[in-house]
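Report on the following structure.
Residue numbers begin at 1 in each chain, while the letters A, B, ... track the order of the sequences.
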There are 2 protein chains.
Amino acid sequence: MKINPVNILKEHDLKHTKQRVRVLEEIAMDDTAISQPELEKKFGNEIDRVTLYRILNVYEEKGILHRVLDRNGTANYAICSPSCTAEVHHDEHVHFNCTICQKIYCLNIVVPSVKMPEGYLANSINSTAYGICKSCNK
Amino acid sequence: MKINPVNILKEHDLKHTKQRVRVLEEIAMDDTAISQPELEKKFGNEIDRVTLYRILNVYEEKGILHRVLDRNGTANYAICSPSCTAEVHHDEHVHFNCTICQKIYCLNIVVPSVKMPEGYLANSINSTAYGICKSCNK
DNA sequence: TTAAGTGCAAAATCTTTGCAAATGT
DNA sequence: ACATTTGCAAAGATTTTGCACTTAA
């Protein structure tokens, strides 16, 4: 997925600071969702922990990143598809959470639709498979 | 869902203490999954916060409760179906997380199976729909 | 220039750990 | 009586808040 951090920031009326660009680059670089603790480690004292929190929050609100929780409730982030907006996130693909390496993959599979019971109004469905990923399965 | 806390504890070789029985009763009482913070509130100083953590952990490990994370990563607990064991959890039904009241419902709908890509081995799939529940939809 | 973003310190939460006292078998 | 479980205190981790300093437009 090729992205241009500066453009993305402009499109969302965000100032492009060194830190914001770095965060986007780092997340775009990885084909899997990356966890917040991992990001903290990567940035060390290049980016303050608090700043990272704030950047990730803004990105999620604006629909630039989407957040996927792994089994432990840890936040993982991946770049949203271009059709995501602040209002609606279209990350309706199946996720795969490896129980060995903990990585979360965004699979190229659309979440199967499910008929809700009378009275329940679903506007999104999250689907995450747990198991062993390609890299760990050797 | 009718349950007998004392029996459940016996079946899993757990001492039946006042606190453990209360936790099971409370969770069984509710038709929705109940969040840990809510449980803490309900028990006040009847059960220590730390004890609650430990009880919930044991119950999950033993396959007595299953844990569902809501959108914020907060743990919610519901009684497992009788076929759950410490080894395998069979909570393969769709969950519904209301974005208004935050409640998590265990729907009586089986999670649709998804064909994994080459090399990926899934052994369970979690499926959670987000939207407005029957009670809030009025 | 000035509104927004960052870093640091510190508060507020949440979760885990250690240990003495209480409890169930 | 003995192994487990509980409650309290305290450590550790995570997340939020406030505010002075810095930076992008």
- Cationic tip of B:Arg22 within the cone over B:Phe43's six-membered ring, i.e. under 6.0 Å and within 45° of the normal? no
From CD of B:Glu38 across to P of C:dC14 the rounded distance in Å is 14 Å
Counted 5' to 3', the first and last nucleotides of DNA chain D within 4.0 Å (strictly under) of a heavy-atom of chain A are D:dT14 to D:dA25
A:Asn72 CG to C:dT15 P, in whole Å, measures 12 Å
Review point. Is A:Glu46 touching bases, backbone alone, or none of the nucleic acid, heavy atoms closer than 4.0 Å?
Key: sugar-phosphate
From CD1 of B:Ile47 across to C1' of C:dA22 the rounded distance in Å is 16 Å
When rounded to whole Å, the CZ to C1' distance for the pair B:Arg49 and C:dT15 reads 9 Å
- Message: Can you classify the ring geometry of A:Tyr105 versus B:Tyr120 as parallel (below 30°), tilted (30 to 60°) or perpendicular (above 60°)?
- Response: perpendicular
Rounded to whole Å, OH of A:Tyr53 lies from P of C:dG7 at a distance of 15 Å
When rounded to the nearest 0.5 Å, the distance separating CG of A:Leu39 from OH of A:Tyr53 is 11.5 Å
In whole angstroms, the gap separating P of C:dG5 from OH of A:Tyr59 amounts to 10 Å
* Mind checking A:Arg20 for me? I need base, sugar-phosphate or nothing, with any heavy atom below 4.0 Å counting as a touch. => sugar-phosphate
Separation of C:dT15 atom C1' from B:Asn57 atom CG, nearest Å, is 10 Å
Quick check: do B:Leu56 and B:Glu60 have side-chain heavy atoms less than 4.5 Å from each other? no
Closest to the 5' end of DNA chain C, once A:Lys18 and B:His16 are matched to their nearest nucleotides, is A:Lys18
Practice prompt. Kindly indicate whether the side chain of B:Ile104, heavy atoms from C-beta on, has any atom under 4.5 Å from the side chain of B:Thr32.
Written response: no
A:Tyr59 and A:Tyr77: aromatic ring centres closer than 6.0 Å? no
Applying a 4.0 Å non-hydrogen cut-off, can you work out what B:Thr17 is touching in the nucleic acid: base, sugar-phosphate, or nothing? sugar-phosphate
Would you say the side chain of A:His95 lies within less than 4.5 Å of the side chain of A:Ser127, judging by non-hydrogen atoms? no
Rounded to whole Å, NE2 of A:His12 lies from C1' of C:dA4 at a distance of 18 Å
Comparing nearest nucleotides in DNA chain D, the 5'-proximal residue of the pair B:Val50, B:Gln19 is B:Gln19
